[in-house]
There are 4 protein chains.
Amino acid sequence: MILKIGVIGTGAIGQDHIRRITNTLSGAEIVAVTDVNAAQAHAVVERENLNAKVYENGHDVIQSAEVDAVIVTSWGPTHEEFVLASIAAGKPVFCEKPLATTAEGCKRIVDAEVAYGKQLVQVGFMRRYDKGYRALKKVVDNSKIGEPLMVHCAHRAPAAPGFSGDMALTDSFPHEIDVLRWLLNDDYVSAQVILPRNTRLADKGLQDPHIVLLETKQGIRIDTEIFVNCQYGYDIQCQVVGETGTANLPEPSSVLMRSEAKLSTEILVDWKDRFIESYDIELQEWINSTVKGEMDGPSAWDGYVVAVTADACVKAKETGEVVPITMPERPEFYDKSKSLVNS
Amino acid sequence: MILKIGVIGTGAIGQDHIRRITNTLSGAEIVAVTDVNAAQAHAVVERENLNAKVYENGHDVIQSAEVDAVIVTSWGPTHEEFVLASIAAGKPVFCEKPLATTAEGCKRIVDAEVAYGKQLVQVGFMRRYDKGYRALKKVVDNSKIGEPLMVHCAHRAPAAPGFSGDMALTDSFPHEIDVLRWLLNDDYVSAQVILPRNTRLADKGLQDPHIVLLETKQGIRIDTEIFVNCQYGYDIQCQVVGETGTANLPEPSSVLMRSEAKLSTEILVDWKDRFIESYDIELQEWINSTVKGEMDGPSAWDGYVVAVTADACVKAKETGEVVPITMPERPEFYDKSKSLVNS
Amino acid sequence: MILKIGVIGTGAIGQDHIRRITNTLSGAEIVAVTDVNAAQAHAVVERENLNAKVYENGHDVIQSAEVDAVIVTSWGPTHEEFVLASIAAGKPVFCEKPLATTAEGCKRIVDAEVAYGKQLVQVGFMRRYDKGYRALKKVVDNSKIGEPLMVHCAHRAPAAPGFSGDMALTDSFPHEIDVLRWLLNDDYVSAQVILPRNTRLADKGLQDPHIVLLETKQGIRIDTEIFVNCQYGYDIQCQVVGETGTANLPEPSSVLMRSEAKLSTEILVDWKDRFIESYDIELQEWINSTVKGEMDGPSAWDGYVVAVTADACVKAKETGEVVPITMPERPEFYDKSKSLVNS
Amino acid sequence: MILKIGVIGTGAIGQDHIRRITNTLSGAEIVAVTDVNAAQAHAVVERENLNAKVYENGHDVIQSAEVDAVIVTSWGPTHEEFVLASIAAGKPVFCEKPLATTAEGCKRIVDAEVAYGKQLVQVGFMRRYDKGYRALKKVVDNSKIGEPLMVHCAHRAPAAPGFSGDMALTDSFPHEIDVLRWLLNDDYVSAQVILPRNTRLADKGLQDPHIVLLETKQGIRIDTEIFVNCQYGYDIQCQVVGETGTANLPEPSSVLMRSEAKLSTEILVDWKDRFIESYDIELQEWINSTVKGEMDGPSAWDGYVVAVTADACVKAKETGEVVPITMPERPEFYDKSKSLVNS
């Protein structure tokens, strides 16, 4: 069976997904697209030589009898609406982050999905599909380093054009929030944000870097440096410290050079290169599980947890205090999910 | 357009290719299979849930009107016959190595292809599709280390069950032969084989390790250690030394551990894991180019060069001498190939 | 000129210093020793074949006309007394850490030295003499990574026999306290201590690991993991994150092995091996500067700062709060010191 | 006892040794110096503030009753004469390489020493004192990689001003010749020299790089790349391949940087920095053993073996053939040496 997919939003990431489904992945095809810029949607269909119809809007895509499953890659503020509509239509939906722009929005999606009675939503946290993170999780899960006690992370980008306010916490950090609780099979109970000496190389008025401290239910302590104007590269670091050893997220593979008095490997600069293979794996697994009627990627509940945690981080930054992270009990409904974090 | 593929030989590697075309890659489907063990061919079709017909023999697959292109993964001695039949039928054919079991056999394929007038044959040298080798080639091609002068290589496997005689030279080394001339855009002019002190951990009577020294037209000197009972892992090393620096084939990505007084990464043990992604890329590129009517992978000529070079290595081992490597002039026909090595 | 040294305390570290001065270093000899265990002092003189007199007690060593300079390697609680006596005698004194067991004791030494009018005291913070830390400081001082913004550290030991209470903060951490302000040319303004999930492999009742967060006058944020039962090795990590790059303390040099499916280097297990060369350099530089009538190692003021900072860490641990670190203004007297940290 | 040393030759290396004996090492002092440039010898005595007499010539130094032991750091062609004179005078002598400029000269020294009846000569092969090579030897000797089968080496320098003819073989390679037979406890039986494509960055007419292939009595095969205009740094590589694993000479310790899209450590450029600590250890051990009346460093026999082997390499380069390496039986006399290689 070929999964027939409708794509809402044909911007950069939407086009990427269309291309990978069409040219690289197996078992799916794009049959419907839409965009607020209809001309662009038409151009994409033509350029990619798709056998797909251009619809007036996202709701028409969702309603289309041709469409088995939906991909939401439109502007963030529209995500909630289209995900809710997909649930209402009983159609599996893959939604790029954020699931919704507020924790309340995420909660409404959780409630709708629970009410519908079947898991339909997957959120685009692609790091869970990175081979490096998966290898790291295998080490942790197999007790190669004993019980995890601490995690030291860094999320660094060379520059952050257009960044303002708390975007380091609301835009960059959510990937860490999601992947670390998945990695640890744990949940967060508090957040604290530390503001180091500011780099002079960030946009005026922008705090950069931040250090976020998270505590988990098991007492694991996570420190994450978020530094979005670090100049030197796009660099994601993660070291788990366990009772008997430590394990680091692998560095991306690179030619080892001896040149000009340096022994060196390359560090990536463009974030798109860092997790490029993860997107392929993420979507292929989504296609495969969707065809089987399963859903085992990051769930609506996971998206909700990220939103609540990011909110706590923003409050922690504002107050300078340790902010508790509290959530309603997780609906039993999500226990069915293989991706589940045990509460 | 979906490329309709017939597979001749449903052993281990045949099944792997069937699975990747069916479940992972885009743009092709398996429509025909055959095997000397017909029951096995039927079992594969069933288990993989293929919409494919099981044919009596390879020739029937090749002749089938349903089949656009052929994959030859049968027993080595049958390769020449099926490749020649595919050429005769004017059908693109992907043949696992060896192209033929003798240099003469390879030459007959080259001659048949040239006579047919269009390049149809690709040989399964998957290392050219490895991201590591591609990154290394990019460094060399972009003169990041100046003109290449020497290459130091190692081809190590933990054990070689069933190895005998010159298989290190005729079975293991051909991958190096192919990938190094592709890497250097060069051709070989002589070979010498050195027999170091033998490991006591090889099968009785088996020489292991070997060191093969190759010289290229440009005077580049290549030394390759081939050590198929090295115990510790499957480990492929390649360092190109240029006028201004050196570049090493990347190590496979791995979690960095601190444990038991060691700072360590894992070395692969199973050769199948080392180039597993290369097979996907190799076949996807073959599918894509075949659909476009192009052919840009390792050619029949490349397969012939490998056979001639391996023969020279065997002779060099027997004689202890430096053995010249000579070949007829490359037919202009192969100049069309993008993968071409300039003579 | 040969510097004539009296050693107070001939325990393990005292004997080490006696041996290196006698057999390895240049320009000094041991002429006087004492120990609360007189028999041991005599045994050391005999075994090391010293041309040295055994004195009744430390004061006699200090007063001896034969003695140019004093090394205090006795039991910690006696340090203050002997250092004060050395100052009173106008003799240069090298004191192993701690300078005194309380901040007040350190302050008394500072006051005595200032009153005496000449710098006589050096404290045994040997990390400043480690080639790795010196190389790291050179990178930082030469702006190779821009202005430092954060420092991520780990201080790990395989086991901590005999550790109790706050010894991780008062015994292990002082080395970090000293070397980091020297590395950054900065001083501390606050401390916070975080208690992660406890390892089950520490002695019952012992908190392990700790994370200490320090803030400097310039706003640099330092996080140090102190984990004294980490099992896998004695491992000191330090990464400085600057505006344009990061720099890591070098790993100790080690043979790179490929064996048993691991690519590995060794991690030291015994702390004594980690900084063994630093002790030689530290004492040679102390001998050389003492002979010249200079004093440029860690000063009494540095010892005092460490004591005040460690006290703040203990309070931070007890209260869970961010504890300010305040000190009296540094006497101008210490501005003469080359090792000075600018306030 | 303080060893009283006379130094013949106060050029660069002579001055270095004078400084280290005077300022860094323990147990020796310089009491006599001489140089063909007497003014320079006087200047050195004054600048280094030595309590040493300047003698007319090397023979006067050797004969001086004040002198216990001799260091020969004069012009190479004079080494043989002064070493022979030291033997005649029954005084221990440390001679920088070459021991003599010809194999015959080395043999005359061996014969003289044997005739004298006591080992007096040590040759300045400092690599045996490098911590890295010692760590590597420990791995090999302790069978951590099984029996050694092959060794892959590289000897690279950024540039070779003044190099001509076969100096790569006669000047650079002798260090490898000595250290590898010491490392392997083995001796050489043949040499072959391969001339790769020449770098365009060497002086006109100079062959660079070379590859030297050595075979040992045990059948171990050594390949060494000698590349003295490699541009990028001074880089000594050595990998021993054993039956169960491989071991690499450690890279010199260096700060790990993340900067400008590179993860890098520094490669040394100046050869003097590479083995700087080895010289200290070498001379301290020579002083210590000399005081004890022992002699356990590289012997006159070792110097002779190096000369014979280098001659074979030159012949191998000229002829393109595999050249056997033959030597007279080693005098039993040298069996007393701890540094002995078993024949």
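Quick note on labels: first sequence line is chain A, next is B, and so on, each numbered from 1. Quick caveat: nothing in here was measured; it's all calculated off a predicted structure.
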Q | Under 4.5 Å from any heavy atom of chain A - which part of B/Lys131 | A | side chain

Q) Top residue by heavy-atom pair count (under 4.5 Å) with chain B, among A/Gly245, A/Ala247, A/Ala135? A) A/Ala247

Q) Do any of residues 248-276 of chain B come closer than 4.5 Å to chain A, heavy atom to heavy atom, and if so which ones, in number order? A) B/Asn248, B/Pro250, B/Glu251, B/Ser253, B/Ser254, B/Val255, B/Leu256, B/Met257, B/Arg258, B/Ser259

Q. Got a second to check how far B/Thr24's OG1 is from A/Asn288's CG, nearest 0.5 Å?
A. 8.0 Å

**Q.** More than 12 heavy atoms of other groups within 6.0 Å of A/Asn51 CG
**A.** no

Q | Contact leader toward chain B among A/Leu25, A/Asp280, A/Val241, A/Val240, where contacts are heavy-atom pairs under 4.5 Å | A | A/Leu25

Q: To the nearest 0.5 Å, tell me how far B/Arg19 CZ sits from A/Ser26 OG.
A: 14.0 Å

